[in-house]
Protein chains: 2
Amino acid sequence: MAKGKKDLDLSTEEKIMEAARKVFTEKGYAAARTRDIAEESGINLALLNYYFRSKEKLFELVMLERVNKLFGAIIPILNEESSSLEEKIEGIAGSYIDLLTEHPDLPIFVLSEIRNRPEKFAALVNARDRVTKSVFMKQLIERKLSVSPFHILINLLGMTVFPFVGKPVLSKLIGKEAEFDELMKQRKELIPMWIKMMLN
Amino acid sequence: MAKGKKDLDLSTEEKIMEAARKVFTEKGYAAARTRDIAEESGINLALLNYYFRSKEKLFELVMLERVNKLFGAIIPILNEESSSLEEKIEGIAGSYIDLLTEHPDLPIFVLSEIRNRPEKFAALVNARDRVTKSVFMKQLIERKLSVSPFHILINLLGMTVFPFVGKPVLSKLIGKEAEFDELMKQRKELIPMWIKMMLN
DNA sequence: TATTTTATTAATCATTCGATTAAATATTTT
DNA sequence: AAAATATTTAATCGAATGATTAATAAAATA
């Protein structure tokens, strides 16, 4: 049979995925209703199950996308062979701030879903070796710091990611949305500077 | 008798609150079932509504407790009149790490519930003036830094709070629970040191 | 064109869930 | 002790929700 998915199929499937991304990300798995997703995508409720079998299966696809997006922005940089430690730090801060400025709710979505159902999603982010044995960690160890290299990694991620995790609260303190974004833009250069200070 | 653990002399009301704290914090509002809370506290389901009117009302009490705990650990320090900027930085890092080592899921719980229903809880954390007009911010401004004082506040909170927000992922990288706690303990002294470096 | 497969819809099923009710039991007040 | 009030339970209600079904429309295939 012609197993090539037709344009219309793809379109419907993609409309559902698009709506699922939005609704799941806004409300979280438990509060999201399949009817919300159906309405948001302008399709019949039964079509959601026709194409994706269940709410759970649909969510797994969205979650996988999100996790890959979140970790795909850092893992490759950690493992670059040719770049220096300083270049990696600049790369991580820069690419993460660009990514999260566009998708501010990415980290809180992933982290809160993992917390709500750790048995289901913990394995998804088990990138232990790809981090602990990365070129980045090796380069950190070479510097013979007086503290664990994990501190540096935590600081880099904390200073970069935390403002977006705490955005619902922080943006109230800071004021306008534009000011928040301007601060984040500044941090692309500031964070590498601060981290480098910690390496001495 | 159900799996209620400590059936101590707690009043029925307090038994329900205790179970509500646990279930809401573990699963979030939307995924928490009033029947879970009833079973966890070893009481009849109807008693929950008898004492607290509704799931929503019960949750509001738990949420208020959590928010006060989370922000109560920092707001008073920000507004101390007698302590120096350096002392405040040490106080915040120290008291927050102590608090979050005991209650690691506090920040992710509060932040994700705010994100899921911002219209309901955003007002709860609107401490704008208490932060922006705090003694801490005044002291930062006096230092005539080359960057916005918000950067320093974000860095302090990011380095302190982020490891706990990301704990479900980070603890896998780091290894045993004890090692994570040991790193956090070290950070009580390290974070103030790093932040002070940023003040020059 | 005729037939088979794929896509879509309206209706509805089965469960779950928050909440209520009415009756029973315990506690306090008079 | 009697009456009044407060607490607790079992049963159940109604709405919401994920999922399915049976019928129809559209597209693909032969």
Side-chain angles (χ1 to χ4, degrees), chain A residues 1-64 113 116-117 119-121, chain B residues 1-64 113 116-117 119-121:
Chain A
M1 59 175 164
K3 45 212 80 165
K5 304 170 186 176
K6 297 109 200 160
D7 294 0
L8 190 53
D9 293 347
L10 272 176
S11 170
T12 301
E13 229 177 309
E14 197 41 51
K15 272 193 285 185
I16 296 172
M17 270 300 282
E18 199 63 43
R21 284 184 199 104
K22 180 179 175 191
V23 175
F24 279 137
T25 305
E26 269 176 12
K27 313 217 248 184
Y29 175 78
R33 306 286 108 133
T34 53
R35 280 166 175 81
D36 300 340
I37 298 174
E39 190 182 355
E40 176 73 28
S41 51
I43 56 103
N44 186 285
L45 170 59
L47 275 182
L48 187 152
N49 294 287
Y50 176 78
Y51 280 103
F52 296 95
R53 299 289 302 165
S54 68
K55 177 189 180 185
E56 183 81 15
K57 288 253 181 10
L58 176 57
F59 179 76
E60 282 168 7
L61 292 177
V62 173
M63 183 73 173
L64 190 60
E113 292 298 335
N116 288 348
R117 296 190 291 169
E119 74 289 352
K120 182 157 186 61
F121 294 112
Chain B
M1 190 164 302
K3 54 183 289 188
K5 307 174 177 181
K6 0 183 192 176
D7 219 28
L8 296 175
D9 292 341
L10 294 176
S11 71
T12 301
E13 223 176 317
E14 197 41 51
K15 275 193 284 186
I16 296 172
M17 270 300 282
E18 197 65 42
R21 284 185 199 103
K22 181 180 173 188
V23 174
F24 279 137
T25 306
E26 269 176 11
K27 314 216 249 183
Y29 175 79
R33 305 291 161 225
T34 53
R35 283 166 174 80
D36 300 339
I37 298 174
E39 191 183 354
E40 177 70 29
S41 51
I43 55 103
N44 187 286
L45 171 60
L47 276 182
L48 188 151
N49 293 287
Y50 176 77
Y51 280 103
F52 296 94
R53 300 287 301 167
S54 69
K55 176 189 181 185
E56 183 81 15
K57 288 253 185 4
L58 176 57
F59 180 76
E60 282 168 6
L61 292 177
V62 172
M63 183 74 173
L64 190 60
E113 292 299 335
N116 287 347
R117 296 190 290 169
E119 74 289 352
K120 182 156 187 63
F121 294 112

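What you see below is based on every heavy atom in this structure, not just the backbone, and it leaves out hydrogens, waters and symmetry mates. A, B, ... follow the sequence lines: proteins, then strands. Residue 1 opens every chain.
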Problem set entry | Single hit among R35(B), K22(B), K15(B) for side-chain hydrogen bond (donor to acceptor under 3.5 Å, both in side chains) with E40(B) |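 The residue from R35(B), K22(B), K15(B) that satisfies side-chain hydrogen bond (donor to acceptor under 3.5 Å, both in side chains) with E40(B) turns out to be K22(B).
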Problem set entry | side-chain hydrogen bond (donor to acceptor under 3.5 Å, both in side chains) partner of Y29(A), the single match among E56(A), K55(A), K120(A) |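 So, applying the side-chain hydrogen bond (donor to acceptor under 3.5 Å, both in side chains) to Y29(A) and each of E56(A), K55(A), K120(A), only E56(A) qualifies.
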Exercise. What is the nucleic acid contact for A31(B), judged by heavy atoms within less than 4.0 Å: base, sugar-phosphate only, or nothing?
Worked result: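 No contact at all - A31(B) keeps every heavy atom at 4.0 Å or more from the nucleic acid.
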For this session: Would you mind classifying the nucleic acid contact of A38(A) as base, sugar-phosphate or nothing, using non-hydrogen atoms under 4.0 angstrom?
Result: nothing
Once you round it to whole Å, what is the distance between [atom2] of [N] and [atom1] of [X]?
X	N	atom1	atom2	value
E39(A)	dA16(D)	CD	P	14 Å
I37(A)	dA19(D)	CD1	C1'	14 Å
K27(B)	dT16(C)	NZ	C1'	13 Å
R33(A)	dC17(C)	CZ	P	10 Å
N44(B)	dA23(C)	CG	P	17 Å

Exercise. Within the side chain of N116(A), is there an N or O that forms a donor-acceptor pair under 3.5 Å with the backbone of E113(A)?
Worked result: no
Exercise. Of all of residues 46-58 of chain B, which get a heavy atom below 4.0 angstrom from DNA chain D, listed by number?
Worked result: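 When residues 46-58 of chain B is checked for heavy atoms under 4.0 Å from DNA chain D, the hits, listed by number, are A46(B), L47(B), Y50(B), Y51(B).
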Problem set entry | Residue L45(A), side-chain atoms from C-beta onward, closest of dT17(D), dA19(D), dA10(D) |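 Between dT17(D), dA19(D), dA10(D), the one nearest the side chain of L45(A) would be dA19(D).
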Exercise. So, is T34(A) near the phosphate of dT17(D), with a side-chain N or O under 4.0 Å from OP1 or OP2?
Worked result: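 So the side chain of T34(A) is outside the cut-off, no N or O lying under 4.0 Å from OP1 or OP2 of dT17(D).
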Exercise. Ignoring hydrogens and angles, are the base of dG18(D) and the side chain of R35(A) linked by a donor-acceptor pair under 3.5 Å?
Worked result: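 When only heavy-atom distances are counted, R35(A) does reach the base of dG18(D) through a donor-acceptor pair under 3.5 Å.
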Problem set entry | Sub-6.0 Å ring centroid separation between F59(B) and F121(B) |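 Ring centres of F121(B) and F59(B) closer than 6.0 Å.
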Exercise. Any side-chain heavy atom of E13(A) within less than 4.5 Å of one from F52(A)?
Worked result: yes
Seminar exercise, completed: So CG of L48(A) and OG1 of T12(A): to nearest 0.5 Å the spacing works out to 12.0 Å
